[in-house]
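Read the structure below first, then the notes.
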2 protein chains.
Amino acid sequence: MRWKKISDAVVRRLPLYLRVLEEAYHSGDVKLMSSQELGERAGVSPALVRKDLAWFGEFGKQGVGYEVRYLREELRKILNLDREIRVAVIGVGSLGHALVRYNQQRYREDQHFNLHVVALFDADPAKIHTRLDGLMIHPIDTLAEVTRREGLQMAIVTVPASAAQQVVDRCVEAGIRAILNFAPAKLTVPEGVHLANADVSLELQRLAYYLGE
Amino acid sequence: MRWKKISDAVVRRLPLYLRVLEEAYHSGDVKLMSSQELGERAGVSPALVRKDLAWFGEFGKQGVGYEVRYLREELRKILNLDREIRVAVIGVGSLGHALVRYNQQRYREDQHFNLHVVALFDADPAKIHTRLDGLMIHPIDTLAEVTRREGLQMAIVTVPASAAQQVVDRCVEAGIRAILNFAPAKLTVPEGVHLANADVSLELQRLAYYLGE
DNA sequence: TAGATTGTTAATCGATTAACAATC
DNA sequence: TAGATTGTTAATCGATTAACAATC
């Protein structure tokens, strides 16, 4: 690993900064950006922007700010987004399908967007070996093999909650070390594997709290 | 408001506790649960479980633990989930559609699940006034009217990033005070309106960081 | 040079954990 | 009663903010 023990709170903000920089870079008319400006656009205080970036190096110039093009490039390297990352979607119900379509559109339209869904998996025999949006749907027990063949590094899990832990275990076994889980279930992964949860029900229930205010 | 200044970190854990309690309640064979047990199942330390709950009252008995049925009921009240909450989905592309279907299934199968998508909106003239999964798709400029008529309290926004701020402004205008945004954009809402972001790209980019370890 | 802004250290704030008296 | 576990206070930990010397 390149830098030691960067806290999750810091890593979580890096994509926010990158988004602001991508926007400025592609608009073309902003060459330099201060931590003030970057923070404002990302919703983070300027001091925190500087502190976050300082974990990874010295990217700015005193009295000047950060060069948009350079900092964007560096952030892309830090986030491993400077090369294609091949992603599997496991469970192609309506949510899985929607995520595939979203990703394909994004990947097609933005040549710098390097997260690419290239393999689908499902347990339903009726779906297996058919194509969806141009991608073959594989049976889940070929996960390890397809992971190797296709160079998969990430998985998006959109299977029912009851199957989620089992699917995640298979991912881990296959060597996948970053998983985005949409199933409403508390899953466990071994040390070294990273799991993010995108549980829509949980978010809605949380929001419901504020209706009582 | 019922309790003052509960931190977001606390509110975020309440649905986790509720999920554990719902599970225990419906399984039927666990009547009591200690903070130890509840914490284990929710992925939270026992001390924090007790501290979180203590913000809202005294729900346990020393030496005994928490009565599952009672604490579940109280948490449902705290989260306003003891009555139906009527939700709009704005933007019925494939992601919006998937979320509607997911919600309808969940609402149908679990009689205690009270978040209910009851109205759809879209900007596409070809979709407006057609039905999707039994729900009429309304034009977005009828949002205020339909909100009143249908008693909408929450919105799920799945429109393109370029339209998201405008849509959110309309929601606020219509009196909706809790919004779950899926668009990859930084949105702003006035004081008193609660916005949660469910930005899939951001999560994937964040996970990509760990591929470098 | 004078003004601006970084990188970094010290101060503050808030959240989590540890500990324990109260009590079931 | 004896054992267990809560509710709560004090201690710790970590993250954010404030401040400023370095320097472009």
Side-chain angles (χ1 to χ4, degrees), chain A residues 2-18 20-21 24 30-75 78 186 206 209, chain B residues 2-18 20-21 24 30-75 78 186 206 209:
Chain A
R2 298 162 293 173
W3 310 276
K4 274 277 149 51
K5 282 285 152 199
I6 305 295
S7 95
D8 186 65
V10 174
V11 175
R12 197 174 283 280
R13 285 186 294 266
L14 301 180
L16 295 175
Y17 303 148
L18 180 57
V20 171
L21 292 163
V30 188
K31 301 292 183 208
L32 289 168
M33 203 176 273
S34 64
S35 59
Q36 169 83 47
E37 176 82 6
L38 177 48
E40 221 158 78
R41 299 204 199 181
V44 174
S45 77
L48 195 48
V49 170
R50 296 198 298 277
K51 200 160 206 294
D52 285 346
L53 296 176
W55 286 103
F56 302 98
E58 307 197 353
F59 302 114
K61 278 198 183 44
Q62 279 103 324
V64 180
Y66 300 90
E67 212 214 315
V68 168
R69 193 186 137 86
Y70 174 66
L71 183 55
R72 163 184 174 275
E73 198 57 43
E74 290 302 307
L75 269 177
I78 291 166
K186 204 202 161 273
R206 178 170 84 79
Y209 171 81
Chain B
R2 298 163 295 173
W3 310 274
K4 276 272 148 54
K5 285 281 152 202
I6 304 295
S7 95
D8 186 64
V10 174
V11 174
R12 198 173 281 280
R13 286 186 293 266
L14 300 180
L16 295 175
Y17 303 149
L18 180 58
V20 171
L21 291 163
V30 187
K31 300 294 185 207
L32 289 168
M33 205 177 272
S34 65
S35 60
Q36 168 84 47
E37 175 83 5
L38 177 47
E40 221 158 79
R41 298 204 200 182
V44 175
S45 77
L48 194 47
V49 170
R50 296 199 299 277
K51 200 157 204 298
D52 285 346
L53 297 176
W55 286 101
F56 301 98
E58 306 196 354
F59 302 115
K61 277 197 185 44
Q62 278 103 326
V64 179
Y66 300 90
E67 212 215 315
V68 168
R69 193 186 136 86
Y70 173 66
L71 183 56
R72 163 184 175 275
E73 197 58 41
E74 290 302 308
L75 269 177
I78 290 166
K186 203 200 161 275
R206 178 170 83 77
Y209 172 81

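Reminder, nothing fancy here: chain letters follow the sequence lines and each chain counts from 1.
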Problem - Atom-pair distance (CZ on B/Arg50; P on D/dT9), nearest Å - result: 14 Å
Handout entry: Identified pairing partner of D/dA10, criterion: Watson-Crick or G-U wobble below 3.5 Å
Key = C/dT17
Handout entry: Whole angstrom value for the distance that separates P of D/dT6 from CG of B/Leu32
Key = 10 Å
Problem - Candidates D/dA15, D/dT9, D/dT5 - which lies nearest the side chain of A/Ser7 - result: D/dA15
Practice task
Check every atom of C/dT6, D/dT5, C/dG7 against the side chain of B/Ser34 and return the nucleotide holding the closest atom.
Solution key: D/dT5
Problem - A/Leu16 side chain reached by A/Val20 side chain, heavy atoms, under 4.5 Å - result: no
Problem - Side-chain N,O (A/Ser35) to OP1/OP2 (C/dT6) below 4.0 Å - result: yes
Practice task
May I have the distance from B/Lys61 (atom NZ) to D/dT5 (atom C1'), rounded to whole angstrom?
Solution key: 13 Å
Handout entry: Euclidean distance, atom CG of residue A/Leu71 to atom P of C/dT6 [Å, nearest integer]
Key = 11 Å
Practice task
Quick one: pull up CD in A/Gln36 and CZ in A/Arg50 and give me the separation to the nearest 0.5 Å.
Solution key: 9.0 Å
Handout entry: Complementary nucleotide of D/dG3, counting Watson-Crick and G-U pairs under 3.5 Å
Key = C/dC24
Exercise for the section: May I ask you to verify if any side-chain N or O of A/Arg13 is less than 4.0 angstrom from the OP1 or OP2 atom of D/dA15? Expected result: no
Practice task
Check whether any side-chain heavy atom of B/Tyr17 sits under 4.5 Å from a side-chain heavy atom of B/Val44, and report yes or no.
Solution key: yes
Practice task
Side chain of A/Leu48 only, please: which of D/dC24, D/dT17, C/dT8 is the nearest?
Solution key: D/dT17
Exercise for the section: Report the distance from atom CE of A/Met33 to atom CZ of A/Arg72, rounding to the nearest 0.5 Å. Expected result: 12.5 Å
Practice task
Round to a whole Å and report the spacing from NZ of A/Lys51 to C1' of C/dG7.
Solution key: 10 Å
Practice task
For D/dA4, take OP1 and OP2 only and decide whether either is under 4.0 Å from a side-chain N or O of B/Tyr66.
Solution key: no
Practice task
Rounded off to whole Å, could you give me the OH-to-C1' distance for the A/Tyr17 and C/dT6 pair?
Solution key: 15 Å
Problem - Closest-nucleotide 5' rank along DNA chain D - winner of B/Gln62 and A/Val10 - result: B/Gln62
Exercise for the section: Specify the separation, in whole Å, of atom CD of B/Gln36 and atom P of C/dA18. Expected result: 12 Å
Practice task
Check each of B/Leu21, B/Leu32, B/Leu53 against B/Tyr66 using the side-chain contact (heavy atoms from CB on, under 4.5 Å) test, and report the only one that passes.
Solution key: B/Leu53
Practice task
Using whole Å, report how far CG of A/Asp52 lies from C1' of D/dT16.
Solution key: 10 Å
Problem - Any B/Ser45 side-chain N or O less than 4.0 Å from OP1/OP2 of C/dT17 - result: yes
